[in-house]
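This structure is a prediction, so every number in the text was calculated from the model and none was measured.
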Amino acid sequence: MSEPQHVLVIGAGIVGVNVGLALQKQGFAVTLADKGEPGRGASFGNAGAIAATECAPISMPGTLRHVPGWLMDPHGPLSLRLSYLPHLLPWLLRFIAAGQRHRVEKIATELAALLHCAWDDYDPLIRDAKLQDAVFRDGALAVYRSNQGRQAADYSIDLRRRNGITLTDVSREQIREIEPDLAPIFSCGVLEENWGRVLDPFKIVTGLYQLFRDRGGKFQTAEITDFVYRDGRPHAAINRTGENIPFDKVVICCGAWSKHLAARLGNKVPLDTERGYNTTVPYHGVTLNHMVISADDSIVLTPMDIGIRVGGAVELAGLNAAPNYDRAKALFAKGQQVLPGLRDEGGTQWMGFRPSMPDSKPVISASPRHDNTFFAFGHGHLGLTMGATTGRLLADLVAGNRATIDMTPYRINRF
């Protein structure tokens, strides 16, 4: 029997680990490569949501008229460092264009096609990795201070319902029954029943990574900077140390850092990063039964093993600017208005890079240039949610199998 083909997967976050597991299932020998420890990037400190209900893109009809006000508010849901604007402008123009209603309708359907598979793809992996006690499929509660706020979300809610998402309206009294420790300031809400959460995102990544290793997968610490070509196609990755790492096939899935490697492989892609901030604090006697989305504040509160995590909002400032932890403080202050018992004693702050495409859709794609090159990145705030589904679909592309859905919407050269 011939030796299995070797696939090098560049990136060992939640997407990379899932890609590795799915490739193993297809019979490939797989090596994960990352400059850091597996799961230490955006997968480490995210909000912990398996947000299988979130098929509405970030750019929506009417988003453009809100942008100036958001940008003038240093603690608002969207912050932009002006020094980064010239670099960001091409991405921003595509982002605005993606918010046209006819495009939003199409994007939502294409995101829903991925999200409807999320639990079916994760369930066997969670079971095999013995992570059942760390994952809850118990829904999320979105709350609104006023009926006007809820009405402003009508289009988004209707869009998701038309794409097969179950959303149940709840009253002020029902909010109090579901989450009695919330401040009595919310007039209505929506229960998102197919939403899930994890008790520790890092535990999920490392648990799946251990399953990958148990199944014979390898890991190499490496910062890939370029590729060596032979007969017109890449056949080895170049580590920053100068070492060449040979492969039969390669997958680029290193999150917000994928743009550079995609370009080295001949694919210019409008990938940028949404910098997300959060603060995690001990419970201090406060109870939270579900993930809570305070829609008016653009924040999410997640009950986890180590406490309650308060995060959200977006900062557009690239990969190199220093963190602005005033963003985390402002988000936490809003969290205290939502859940008055929150205290910041013993809290920890974090900032991570969400790899973001302007149309909110990930890249899950074969290369149009090289038949042994593949891409899986750009999941925005849905990397954890879409990880297992991305792995399965990408592995089918690598193996040459017929995909279970139309993969055209996620191709790398769609712009």
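Remark: the backbone N or O of Thr287 is paired with a side-chain donor or acceptor of Asp181 at under 3.5 angstrom. For Thr302 (side chain) and Ala47 (main-chain N/O), a donor-acceptor pair under 3.5 Å exists by modelled atom type. The closest donor-acceptor contact from the side chain of Gln336 to the backbone of Leu342 lies under 3.5 Å. Listed for the Asn372 side chain is a donor-acceptor partner under 3.5 Å among the backbone atoms of Asp248. Using a distance-only test at 3.5 Å, with no hydrogens or angles considered, a donor-acceptor pair links the side chain of Gln174 to the main chain of Ser171. Here the side chain of Ser59 pairs a donor or acceptor atom with the backbone of Phe95 at under 3.5 angstrom. Under the 3.5 Å distance criterion, the side-chain polar atoms of Glu179 are matched with a main-chain donor or acceptor of Asn289. Using a distance-only test at 3.5 Å, with no hydrogens or angles considered, no donor-acceptor pair links the side chain of Tyr144 to the main chain of Ala152. Without hydrogens or angle criteria, Lys361 side chain to Pro409 main chain gives a donor-acceptor distance under 3.5 Å. Between the side chain of Arg392 and the backbone N or O of Thr389 there is no donor-acceptor pair closer than 3.5 Å.
Crowding of Arg369 atom CZ: a count of heavy atoms from other residues, nucleotides or ligands under 6.0 Å not exceeding 12. Heavy atoms of other residues, nucleotides or ligands lying less than 6.0 angstrom from CG of Asp133 number 12 at most.
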task = Carefully, step by step, assess Glu54 and Glu192 under the rule side chain to side chain contact (heavy atoms under 4.5 Å, CB included).
result = CA-CA 9 Å; Glu54 291 298 287; Glu192 307 194 16; 3.2 Å; yes
task = Kindly determine whether Lys329 and Thr279 satisfy side chain to side chain contact (heavy atoms under 4.5 Å, CB included), including the steps that lead there.
result = CA-CA 8 Å; Lys329 293 177 183 176; Thr279 302; over 6 Å; no
Verdict with supporting geometry, Arg127 and Asp123, salt bridge (Lys or Arg N to Asp or Glu O under 4.0 Å) = CA-CA 6 Å; Arg127 181 186 64 246; Asp123 283 343; over 6 Å; no
request  = Give the C-alpha distance, both sets of side-chain angles, the deciding distance and a yes or no for side chain to side chain contact (heavy atoms under 4.5 Å, CB included) between Ile50 and Asn194.
outcome  = CA-CA 9 Å; Ile50 299 182; Asn194 205 34; over 6 Å; no
task = Go through Val269 and Phe377 one step at a time and tell me if the side chain to side chain contact (heavy atoms under 4.5 Å, CB included) criterion holds.
result = CA-CA 11 Å; Val269 59; Phe377 56 76; 4.1 Å; yes
message = Assess the residue pair Ser356 and Asp272 against the criterion (side chain to side chain donor-acceptor pair (under 3.5 Å)); give the C-alpha distance rounded to whole Å, side-chain angles, the decisive distance to 0.1 Å, and a yes or no.
response = CA-CA 5 Å; Ser356 181; Asp272 216 284; over 6 Å; no
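Taking each heavy atom of Phe219 and Ala33 in turn, the nearest pair found is CE1-C, 4.4 Å. Residue His290 comes nearest to Arg197 through the heavy atom pair CA-NE, 4.4 Å, listed as atom of the first residue, atom of the second, then distance. Of all heavy-atom pairs spanning Asn18 and Gly387, the tightest one is CB-O, 3.2 Å. Looking at every heavy atom in both residues, Ser294 comes nearest to Phe186 through OG-CE2, 4.1 Å. Summarising the geometry of Phe136 relative to Trp119, their closest heavy-atom pair is O-CH2, 4.2 Å, with the distance given to 0.1 Å. Contact between Thr63 and Ile58 at its shortest, heavy atoms only, is OG1-O, 3.9 Å.
The residue from Asp226, Ile224, Thr225 that alone fulfils the side chain to side chain contact (heavy atoms under 4.5 Å, CB included) condition with Arg264 is Asp226. For the side-chain hydrogen bond (donor to acceptor under 3.5 Å, both in side chains) criterion with Asp359, the lone passing option out of Arg414, Arg103, Arg94 is Arg414.
Contact of the Ser367 side chain with the Leu265 side chain is not registered, since no non-hydrogen atoms from C-beta on lie closer than 4.5 Å. Using a 4.5 Å heavy-atom threshold, the side chains of Asp169 and Cys188 count as separate. Considering only heavy atoms from C-beta on, Met386 stays 4.5 Å or farther from Asp121 through its side chain. In this structure, the side chains of Gln349 and Phe332 stay at 4.5 Å or more apart for every pair of heavy atoms. Within the 4.5 Å cutoff, side-chain heavy atoms of Val104 are placed close to those of Tyr155. Within the 4.5 Å cutoff, the side chain of His379 has no heavy atoms near those of the Arg354 side chain. At least one side-chain heavy atom of Leu131 sits under 4.5 Å from a side-chain heavy atom of Leu208. Annotation: side chain of Trp350 is not in contact with side chain of Arg309 (no heavy-atom distance under 4.5 Å).
Going from atom CG of Asp297 over to atom CG of Leu331 covers 9.5 Å, rounded to the nearest 0.5 Å. The structure places CD1 of Ile10 at 4.0 Å from CZ of Phe227, a figure rounded to the nearest 0.5 Å. A distance of 9.0 Å separates CZ of Arg411 from CG of Asp406, quoted to the nearest 0.5 Å. Rounding to the nearest 0.5 angstrom, the gap separating the CG atom in Asp154 from the CZ atom in Arg161 is 9.0 Å. In this structure, CG on Leu114 lies 10.0 Å from NE2 on His116, to the nearest 0.5 angstrom. Thr273 OG1 to Lys259 NZ: the interatomic distance, rounded to the nearest 0.5 Å, is 11.0 Å.
Between His87 and Tyr84, the ring planes are tilted. Angles from 30° to 60° get that label. Ring-plane geometry between Phe353 and Trp257 is classed as perpendicular, the angle between the planes exceeding 60 degrees on a 0 to 90 degree scale with a lower cut at 30.
Under 3.5 Å, the side chains of Gln151 and Asn147 contain no donor-acceptor pair of N or O atoms. In this model, a donor atom of one side chain and an acceptor atom of the other lie less than 3.5 Å apart for Gln26 and Asn401. In this structure, a donor-acceptor pair under 3.5 Å is absent between the side chains of Thr166 and Glu193.
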